[in-house]
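When a ligand or atom number is given, it counts from 1 through the structure's own listing order.
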Amino acid sequence: MMRNVEPRNKIQRILLVEDDQGLQKQMQWALHPAPVVTAGTRSEALRAFEDGDIRLVILDLGLPPDPDGATEGLRILDAILSSAPQTKVIILSGNANREVAVAAVARGAFDFVSKPVDIEVLKLIVQRAERMFELEEENRTLRAYADKRMPGFVYGSSQMQQVAQTIERVARTDASVLVLGESGTGKELIARALHESSPRANAKLVAINCASIPENLLESELFGHERGAFTGAVKQTLGKFEIADKGTLFLDEIGDMPLALQAKLLRFLQSKQLERVGGRQTLSVNVRVISATNQPLTALVKEGRFREDLYYRLNEIRIDLPALRDRDGDAIILAQHFRGLYAREHGRNLKGFTKDALMALQAHKWPGNVRELENRVKRAVIMTDGPLITAEDLELVADGKPRNLNLRDHMRELEGALLREALAVSDGNVSKAAKLMGISRPQVYNLLSAQKRRA
Ligand SMILES: Nc1ncnc2c1ncn2[C@@H]1O[C@H](COP(=O)(O)OP(=O)(O)OP(=O)(O)O)[C@@H](O)[C@H]1O
Ligand SMILES: [Mg+2]
């Protein structure tokens, strides 16, 4: 299935951390046309890194205020690898610093280049690092895709991988979890995944939507009521908390809970005890609480519309679900997932998406997030004449250029890629590269000069 997925746009940039302006310029030029961001100090480097989209860093170890040592560079290395361990960091080091460079590799850097920098060597290492990153990423995607513990929860992006890790980690605890995210990002799905991967999975998950129940009924919905507690209370009724005993209670749209009830909810969360409406008996209940909202809760707290103490109670662990447009590559993975799902359901034999449709899926901003995507794909599956779903079927505009199908262009590209790889694995030794490629040395030289002419 992953074979249908197009590689995503290479929007990622290279971060070049080097305090020598001349060297900075030279390398930037050598790496052209790859987009390069430069930094000359640790703080600049970390700020640039946080701006995102960086998968490759070229890092000079000696930076001010310690230009002859390596403390600044190593601190940058550690900071980057601890926040994004998949990043490939190539170390630049003075000859005297070779040992430090080796130590940096031991700490997780990808490789190192000694100064003075041989640009051709650097280019080859950069290519190898990018290839490695891509292979690893493909691997991560496949692994994530096969996440059997949470069937129905589909993702491939590193952003959602982090969410999955959080779920896994907090599932076994009883901590209350607050799930925040735009409409349609999968908050309810996450709540279910959490419950199902928790030790409470054998008990119930009880959901209540705080926005859809009138204020005067919400209290008895949550806490239950005794017979005769109010007009219409003809029999004793258990509340959601009691029904969820030993299981999980999911408070959806918590941002819409009225203030008076917030106080009661807080009291329950503190004591784990409750009284039914109109009742005198105190009951102990053992529930784990997950809540969710697409409202800006902290803003509601500031405005006095949501209790701060309750906010902290609900928010022992917080899961921020990224919007679909911020999940790298997930739109296509999810589209393929829903295509398979609905094609099966409707007995349609659909092979996939046209190139136009894939590009449109990537370009669209998804204001309605996963729900919007699911609806578009579902409708397309029903409407299309097949065998491929088009951008039009999805009611999306195809933007972007048509794909270049010229065979010669592609052969040249392939030649170049194989040549670079062969030279990289044979450390630039042309005879070895020729052997690997099954061609003669002169042919390698021909290819090299042809590539140079075109570059
Ligand atoms: N990662 C995912 N993998 C597969 N399906 C998903 C994923 N995320 C969301 N969905 C599907 O998208 C739809 C919307 O998800 P869900 O109802 O959980 O969103 P929500 O954040 O609760 O939305 P709202 O804020 O509107 O209540 C559901 O059909 C859900 O199954
Ligand atoms: Mg919801």
Side-chain angles (χ1 to χ4, degrees), residues 1-2 5 8 140-168 171 177-197 205-213 218 240 248-257 289-297 299-300 306 314 318-346 361-362 364-382 394:
M1 179 159 191
M2 289 305 301
V5 177
R8 63 196 166 90
R140 275 194 293 276
T141 310
L142 290 172
R143 200 160 7 119
Y145 212 71
D147 201 330
K148 294 218 172 53
R149 286 153 305 178
M150 293 180 243
F153 176 33
V154 177
Y155 62 90
S157 64
S158 57
Q159 292 88 348
M160 289 306 281
Q161 205 178 339
Q162 278 191 358
V163 170
Q165 269 168 12
T166 309
I167 293 176
E168 212 178 300
V177 178
L178 176 63
V179 187
L180 299 178
E182 288 179 14
S183 170
T185 45
K187 296 184 291 297
E188 184 164 350
L189 187 88
I190 294 297
R192 292 189 184 280
L194 250 171
H195 172 74
E196 263 141 42
S197 40
L205 170 79
V206 178
I208 181 162
N209 186 322
C210 305
S212 69
I213 296 172
L218 193 54
K240 299 284 189 190
T248 308
L249 183 72
F250 176 44
L251 296 167
D252 204 359
E253 317 287 0
I254 187 78
D256 292 282
M257 181 174 275
V289 174
I290 302 173
S291 45
T293 180
N294 53 22
Q295 300 215 36
L297 263 195
L300 296 189
F306 201 87
L314 296 172
R318 173 166 152 182
I319 297 181
D320 283 296
L321 275 184
L324 179 55
R325 62 184 159 280
D326 296 327
R327 304 180 193 175
D328 296 334
D330 275 8
I332 286 178
I333 290 176
L334 280 162
Q336 299 283 23
H337 163 73
F338 290 127
R339 170 189 59 80
L341 191 73
Y342 289 113
R344 239 171 289 131
E345 192 179 308
H346 294 276
L361 285 166
Q362 273 176 317
H364 189 58
K365 294 289 178 241
W366 304 110
N369 292 295
V370 185
R371 181 176 298 110
E372 176 190 353
L373 184 134
E374 180 171 3
N375 289 340
R376 282 186 193 270
V377 173
K378 185 175 179 178
R379 189 179 49 217
V381 166
I382 296 167
L394 293 163

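Relative ring orientation between Trp366 and His364 is described as perpendicular, the plane-to-plane angle rising above 60° on a 0-90° scale split at 30° and 60°.
Side-chain atoms of Arg318 do not come within 3.5 Å of backbone N or O of Leu180 as any donor-acceptor pair. Under the 3.5 Å distance criterion, the side-chain polar atoms of Lys187 are matched with a main-chain donor or acceptor of Gly181. Side-chain atoms of Asn369 do not come within 3.5 Å of backbone N or O of Arg371 as any donor-acceptor pair.
For atom 10 (N) of ligand 1, the nearest protein heavy atom (residue, atom name, distance) is Val370 CG1, 3.3 Å. Closest to atom 17 (O) of ligand 1, if we only count protein heavy atoms, is Arg371 NH2, 3.1 Å. Closest to atom 27 (O) of ligand 1, if we only count protein heavy atoms, is Glu253 OE2, 3.8 Å. Looking only at protein heavy atoms, the nearest one to atom 22 (O) of ligand 1 is Glu188 N, 3.3 Å. Leu189 CD2, 3.3 Å is the protein heavy atom nearest to atom 7 (C) of ligand 1. From the protein, the heavy atom lying nearest to atom 20 (P) of ligand 1 is Lys187 N, 3.4 Å. What sits closest to atom 19 (O) of ligand 1 on the protein, heavy atoms only, is Gly186 N, 3.1 Å. The protein heavy-atom contact nearest to atom 5 (N) of ligand 1 is Phe338 CZ, 3.5 Å.
One distance of note links CG of Leu194 with CD1 of Ile319; it measures 5.0 Å at 0.5 Å rounding. Of the inter-residue distances, the one linking Asp256 atom CG with Ile213 atom CD1 reads 11.5 Å to the nearest 0.5 angstrom. Atoms CD1 and CG, from Ile290 and Leu205 in turn, are 6.5 Å apart once rounded to the nearest 0.5 Å. With values rounded to the nearest 0.5 angstrom, Leu178 atom CG is found 5.5 Å from Leu297 atom CG.
Residue contacts with ligand 1: Phe153 is included, with a non-hydrogen atom under 4.0 Å away.
Taking any N or O of Gly184, backbone or side chain, at least one lies under 3.5 Å from an N or O belonging to ligand 1. For ligand 1, the polar-atom distance check finds no N/O of His337 at less than 3.5 Å from any of the ligand's N/O atoms. For ligand 1, the polar-atom distance check against Val154 finds a nitrogen or oxygen pair separated by under 3.5 Å. Below 3.5 Å of separation, one finds an N or O of Glu374 facing an N or O of ligand 1.
Contacts between Asn294 and ligand 1, counted as non-hydrogen atom pairs separated by less than 4.0 Å, involve the side chain only. For Leu334, every heavy-atom contact with ligand 1 shorter than 4.0 Å involves the side chain, none the backbone.
Just one of Asp330, Asp328, Asp326 meets the side-chain hydrogen bond (donor to acceptor under 3.5 Å, both in side chains) condition when paired with Ser157; it is Asp330.
Contact check for Glu253 versus Asn294: side-chain heavy atoms found under the 4.5 Å cut-off.
Distances below 4.0 Å separate heavy atoms of Gly152 from the following atoms of ligand 1: 3 (N), 4 (C), 5 (N).
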